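Quick notes on the structure that follows.
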Amino acid sequence: MEIPSKYDPKLVEDKWNQHWLENRLFHSVPDERESYSVVIPPPNVTGVLHMGHMLNNTIQDVCVRRARMLGKNACWVPGTDHASIATEAKVVQLLRKQGIRKSDLSREAFLEHAFEWKEKYGGIILDQLKKLGASVDWDRTSFTMDPGYYKAVTRVFVDLYNKGYIYRGLRMINWDCEAQTALSNEEVLYNEDGDKSLLYHVRYAIKDSNDSLVIATQRPETIMGDTAIAVNPTDERFLHLIGKMAIVPMIGREIPIIADEYVEKDFGTGCLKVTPAHDPNDYELGQRHNLPVIDTINLDGTLNASCEIPEFVGKERFEVRQLVIDRLKASGELVKEEEFMTRIGRSERTNTVVEPKLSLQWFIRMKDISKQALDAVENDEITLHPAKFKNTYRHWMENVRDWCISRQLWWGHRIPAFYYGEGENDFVVAETREEAEQIVKQRLGENTTAELRQDDDVLDTWASSWLWPIAVFDGFNDNCFDKTTGKINKKANKELDYYYPTQVLVTAPEILFFWVARMIIAGYEYLDEKPFSDVYLHGIVRDKQGRKMSKSLGNSPDPLDLMATYGADGTRVGMLLSSPAGNDLLFDEGLCEQGRNFSNKIWNAFRLVNGWESADIPQPESARFAIEWFESKFSETIGLLNQSYDKFRISEALMTTYKLVWDDFCAWYLEMVKPAYQQPIDSITLTKTKQIFENILKVLHPFMPFITEEIWHYLGHRETAQQSCCLAEWPKTGAVNSEVLAVFNETADIIIGVRTIRLQNNIPNKEQVELKIKDSGKFAANTSTLIKMCGVSNLETITEKAENSFTFISNQNEFFVPFGENVDVEAELKKLEDELVYTKGFLDIVLKKLNNEKFVAGAPAAVIDNERKKQADAEGKIRMLEEKISALIS
RNA sequence: GGGGGAUUAGCUCAGUUGGUUCAGAGCACCUGCCUUACAAGCAGGGGGUCAUAGGUUCGAGCCCUAUAUCCCCCACCA
């Protein structure tokens, strides 16, 4: 059967994917083996595979596949995140296209649409993961709004509330007056270059004084909500005014003049009007100074009665701005209009200017609950890779701020708070409405007729995904979660007991705090145990110019296209080739090409070996040596590989594998054992070579699962369907015979010497050459390998220098290749002279060191010995070169 | 503004406690080869004052101090 000379992934990948799935090779159940569990960072349920996923999942797959081969019970849990904001935005958009507005729908109707949409399009990304060969346990696919998961999230909310970690508080949120909804920070867009705006300087009178001061504002329409004027306490211009009362223009309200560090002396006029209801900073100022909050703007952006000016009530905020300006101009209180650059936030959805708005939100108190999570990373119970993120992590955790977990959306986990009255504390928190009713009855009496309203808001997505490593193993179920202590009893949950903590979490540093830190917090809060031992943080995939890949730039290749062009294996290798942990990856399609070429190289090595016919003939010495050498080389490399893997240096492991396969195995080993054209190979060498090839496939497998599986089956594992390279045993480190390695190195060095002479002197490979060796007593190369690899017709040991020859030195032995016809003596001479000059210079440097008394006195003996050895070698080399030159000249 | 990180070959990066080939790898580049596994290949080769300036040391890519440039995260000036 003819095997094509080019590897065709299309003929291979689907076949093996199907094989793996049908045989459920990646399914894991607890058993007596050591577990190796990994939870996937759940992609958005609405997501489609992009380059970031490609990188992220390839790294995980490499770790998981290797662990499986190491004999561990590998369990990689897949799933998706409901991603409340992102998904809700998409659903809203979709509905809008169908002419349906969210505001016209009931919550229930909207959620019905959302779930419908999720069923239809959600999980596309999971299918795409199959394409890249992700060896996840598909039977365990989870979703952050699965019923069980939903229950876990609710349960945790109630628990944290009961423990006193959750509270309600006022907070500025971004309000979209048109859509009448709150916006997350991510949904607020800013003009990149800033916005040109006007700063209005307005004069405020001082009570009981002829004095006045001038503030600067870009929002004159909020003047009626002012409750203070603030100046910097060190600003001498205003020291005398601190503590006095200023008069708000137009309405005459008296407000205090306060001092606060926050005020910049150099900006505007140095006086700041404080409007706690309509500016986040002013709100904080107000908190610090106990200022009243006067909210003058309605949800739809019109002014309300609190503004005290009837003419303004019901009018839109920007219309009012102009009216205010007109009034102030007329009264002479507007001193100046000044252009300046600022940044104005606009709603991503409606493009209206975002209105900061105070509202009651839910928070988690972070300080105490995050203590253990800080320590765990600090004392390396959890290791971050690369370690530099430890600093970042510490800084954030030490300055952790309370976490606002409520979102004004419908798609998500609805906050389990039930209100029975209008009072601030007229609510209860409970897992279900029934439980809530019970509590209310206890509180208000059995006969209460209070109607319960559940909070309309849902939880921040991260307030569900922070439970991921616990919840995917059903860690909050009734059996193991103890409501009274608020702890999980691991022993009562076989799965959790076996798989938790997981091994490695692979993700991007961008979400180190949003997600990773919070998972750690949850782990310690509920299990008193870390959720994972190692965190591998990979960079962002960027284009060649270093720009983030984005839809709008159109600079992101589609991973599916790449896999179609270069094969999944080639693309995986391409992704990992230049991606050390923590560094951004400047993606270059050329890397995938390199990956594809590598596939092809492996494929052709297989074709070569596969085509060999064995015969009952003696094993050549060169083949015997090749096997002996390669086995040592392989053992040595396995050691290096294991080290790289253990340190999570995945790209280093890949490069080591790449060189082992391409250089050591293909370029050297196969050439060394290869029989002459159309000659058979001895059976010992063939058998050994196939064994070696199998080992090669094993170390390649984590990176290139498809091609290795394909060849694996060709090499004699076709018979049983269960057999798979996926389940092969990772090679053990064996003995490394350093003597053999040294012999090989010397042999290879001589071969390269002869090749160089051939190339530089245009001696065709077909033409046999003689090789003479002047042995310094150290010659130890494998001669039969030399003869085979160099095209040597005659190998001879001599005692005197050979004349009329090209020469080179290797390991203090001198080698001579006698001139054939057409020899360029001049060129040869020049080469020798150049080398002489260089070596003399080198000797000078060494001597300088050795003549330095301080060096000889201060450096350890080993270092000095080495320098003396260098000196001796150099002196010897100079003698040889000089002799050679004189021989050529004569 | 606060914090963190980086600067080594044309590009992307290694370089472990300062001292054995430590100045490296891959790609790119140059030269020669369609040699019967592979031109998606083979063989060989060139290339760096380790950002700059000082300092510590017998010895610095590595340690210290400044300077310059770049990147990331958080908070963002009314």
Side-chain angles (χ1 to χ4, degrees), chain A residues 3 5-7 199-200 215-219 222 230 262-264 266-275 279-282 285 340 342-343 386 388-396 398-399 401 509-510 512-513 539-540 544 546 566 570 577-580 582-588 590-591 593-612 643 647 649 651-652 654-656 658-659 662 666-667 670-671 674 676-678 751-752 755-760 762 764-766 791 849 852-860 862-867 869-870:
Chain A
I3 300 173
S5 74
K6 300 231 187 309
Y7 168 66
L199 204 52
Y200 301 92
I215 58 91
T217 180
Q218 57 167 320
R219 300 201 58 197
T222 64
Y262 168 76
V263 182
E264 296 280 338
D266 302 335
F267 190 89
T269 61
C271 294
L272 171 67
K273 77 182 199 65
V274 184
T275 320
D279 182 278
N281 294 306
D282 289 13
L285 260 173
F340 83 122
T342 185
R343 290 172 69 212
K388 66 178 178 185
F389 286 110
K390 213 170 145 178
N391 291 332
T392 321
Y393 181 86
R394 183 193 314 115
H395 182 253
W396 191 78
E398 281 175 350
N399 298 288
R401 303 176 12 155
E510 307 172 282
L512 183 57
F513 311 126
I540 298 167
K544 259 170 139 177
Y566 302 105
L577 268 174
S578 78
S579 149
N583 281 33
D584 282 356
L585 176 132
L586 299 193
F587 182 76
D588 178 353
L591 294 169
E593 198 180 329
Q594 195 185 343
R596 180 206 50 187
N597 295 353
F598 189 38
S599 304
N600 207 44
K601 185 72 186 174
I602 298 162
W603 186 247
N604 276 293
F606 159 66
R607 285 178 61 223
L608 174 68
V609 174
N610 191 56
W612 285 342
Q643 279 178 33
K647 286 188 271 185
R649 298 177 162 208
S651 54
E652 188 178 272
L654 172 58
M655 191 44 69
T656 303
Y658 183 87
K659 284 194 272 195
W662 199 306
C666 292
L670 288 179
E671 293 298 331
K674 186 163 141 187
Y677 182 52
Q678 289 192 331
I751 292 168
I752 289 168
R755 281 175 180 168
T756 308
I757 285 173
R758 281 183 176 276
L759 186 75
Q760 288 176 348
N762 293 315
N765 288 330
K766 282 176 187 158
K849 251 193 210 176
N852 180 344
E853 281 172 32
K854 284 183 178 174
F855 172 75
V856 179
V863 175
I864 295 174
D865 283 352
N866 186 54
E867 289 300 316
K869 182 170 175 292
K870 279 191 201 165

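Because the structure is predicted, anything quoted here is derived from the model rather than measured. Per chain, numbering begins at 1; letters A, B, ... match sequence-line order.
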Please list each protein N or O that sits under 3.5 Å from an N or O in nucleotides 38-40 of chain B, with the distance.
| from | atom 1 | to | atom 2 | distance (Å) |
| --- | --- | --- | --- | --- |
| B:C38 | O4' | A:Asn604 | OD1 | 3.0 |
| B:C38 | O4' | A:Asn604 | ND2 | 3.4 |
| B:C38 | O2 | A:Lys601 | NZ | 3.0 |
| B:C38 | N3 | A:Lys601 | NZ | 2.8 |
| B:A40 | O4' | A:Asn597 | OD1 | 3.0 |
| B:A40 | O2' | A:Asn600 | ND2 | 3.2 |
| B:A40 | N3 | A:Arg596 | NE | 3.2 |

With a non-hydrogen cut-off below 4.0 angstrom, is A:Gln218 in contact with a base, only sugar-phosphate, or nothing? sugar-phosphate
Rounding to an integer number of Å, can you tell me how far A:Gln643 CD sits from B:U16 C1'? 10 Å
Non-neighbouring partners of A:Phe513 that pass ring-ring contact (aromatic ring centres under 6.0 Å, His included), sequence neighbours left out: A:Trp396
Report the nucleotide, chosen from B:A14, B:G44, B:C77, that has the shortest atom-to-atom distance to any side-chain atom of A:Tyr262. B:C77
Tell me what A:Ile752 touches on the nucleic acid: a base, only sugar-phosphate, or nothing, going by heavy atoms under 4.0 Å. sugar-phosphate
Evaluate the side-chain proximity of A:Arg755 to A:Ile751: yes if any heavy-atom separation is below 4.5 Å, no if none is. yes
Winner on side-chain proximity to A:Arg649, out of B:A14, B:A78, B:A43, is B:A14
Same-atom distance (P) from B:G18 to B:C29, integer angstrom: 39 Å
Whole-Å gap separating C1' (B:C42) and CG (A:Leu670): 14 Å
With sequence neighbours excluded, residues passing salt bridge (charged side-chain N to carboxylate O under 4.0 Å, His left out) with A:Lys659: none
Mind listing the N/O atom pairs, protein and nucleotides 24-26 of chain B, below 3.5 Å?
| from | atom 1 | to | atom 2 | distance (Å) |
| --- | --- | --- | --- | --- |
| B:A25 | O2' | A:Lys659 | NZ | 3.2 |
| B:G26 | O2' | A:Gln594 | NE2 | 3.1 |

Measuring only the P atom in each nucleotide, how far is B:A53 from B:G46? A whole number of Å is fine. 28 Å
Determine the Euclidean distance between corresponding C1' atoms of B:C71 and B:U65; express it in Å to zero decimal places. 23 Å
Is there a side-chain contact between A:Thr222 and A:Lys273, using heavy atoms and a 4.5 Å cut-off? yes
Given atom CG of A:Asp282 and atom P of B:A78, what is their separation to the nearest angstrom? 10 Å
So how far is it from A:Asn597 CG to A:Ile602 CD1, rounded to the nearest 0.5 Å? 11.0 Å
Interatomic distance at C1', B:G55 relative to B:G10, whole Å: 34 Å
Under 4.0 Å, heavy atoms only, any strand: does A:Leu586 hit a base, just the sugar-phosphate, or nothing? sugar-phosphate
For residues A:Ser599 and A:Lys601, is any side-chain donor paired with an opposing acceptor at under 3.5 Å? no
For A:Lys6, give me all partners under side-chain contact (heavy atoms from CB on, under 4.5 Å), at least two apart in sequence or on another chain. A:Asn600
Which whole-number value in Å describes the distance from A:Ile757 CD1 to B:G32 C1'? 16 Å
Taken to the nearest whole Å, CZ/A:Phe587 to P/B:C13 is 15 Å
Say we look at B:C64 and B:U69: how far apart would their P atoms be, to the nearest angstrom? 22 Å
How many whole angstroms separate atom CG of A:Asp279 from atom P of B:C76? 10 Å
Give a yes-or-no answer on whether the side chains of A:Arg607 and A:Asn610 include a donor-acceptor pair shorter than 3.5 Å. no
Would you kindly give the CG-to-P distance between A:Leu608 and B:C42, to the nearest whole Å? 13 Å
Whole angstrom value for the distance that separates C1' of B:U35 from CG of A:Leu759: 14 Å
Taking B:U7 as the reference, what is the distance to B:U67 when you measure between their C1' atoms (whole Å, please)? 13 Å
Looking at B:A78, B:G45, B:G3, which one has an atom nearest to any side-chain atom of A:Thr756? B:G45
side-chain hydrogen bond (donor to acceptor under 3.5 Å, both in side chains) with A:Tyr566: which residues, sequence neighbours excluded? A:Glu589
Could you state the interatomic distance from CG (A:Leu285) to OG1 (A:Thr275), rounded to the nearest 0.5 Å? 10.0 Å
Contacts of A:Glu510 meeting salt bridge (charged side-chain N to carboxylate O under 4.0 Å, His left out) (sequence neighbours excluded), chain-then-number -> A:Lys548
Pairwise distance OH(A:Tyr200) to CZ(A:Arg219) - rounded to 0.5 angstrom: 12.0 Å
Give each stem of RNA chain B as a range with a range, requiring at least 3 consecutive Watson-Crick or G-U wobble pairs whose two distances are under 3.5 Å. B:1-7 with B:68-74, B:10-13 with B:24-27, B:29-33 with B:41-45, B:51-55 with B:63-67
With sequence neighbours excluded, what pairs up with A:Gln594 under the side-chain contact (heavy atoms from CB on, under 4.5 Å) test? A:Leu577, A:Leu591, A:Tyr658
What distance, rounded to whole Å, do you find between the two P atoms, one in B:U35 and one in B:A43? 14 Å
What does A:Asn399 touch in the nucleic acid at a heavy-atom separation under 4.0 angstrom: a base, only the sugar-phosphate, or nothing? nothing
Gap in Å between the two C1' atoms, one belonging to B:G54 and one to B:U49, rounded: 16 Å
Under 3.5 Å, which protein N or O atoms sit close to an N or O of nucleotides 72-75 of chain B? Give each pair with its distance.
none

Would you please name every residue forming a salt bridge (charged side-chain N to carboxylate O under 4.0 Å, His left out) with A:Glu593, sequence neighbours left out? A:Arg596
Applying salt bridge (charged side-chain N to carboxylate O under 4.0 Å, His left out), name anything that partners A:Arg649, two or more places apart in sequence or on another chain. A:Glu652
A:Trp603 vs A:Tyr7 aromatic rings, parallel, tilted or perpendicular, using cut-offs 30° and 60°? tilted
Which part of the nucleic acid, if any, lies within contact of A:Val263, taking any heavy atom under 4.0 Å across all strands shown: a base, the sugar-phosphate backbone alone, or nothing? base
Which part of the nucleic acid does A:Asn765 contact within heavy-atom distance under 4.0 Å: base, sugar-phosphate only, or nothing? base
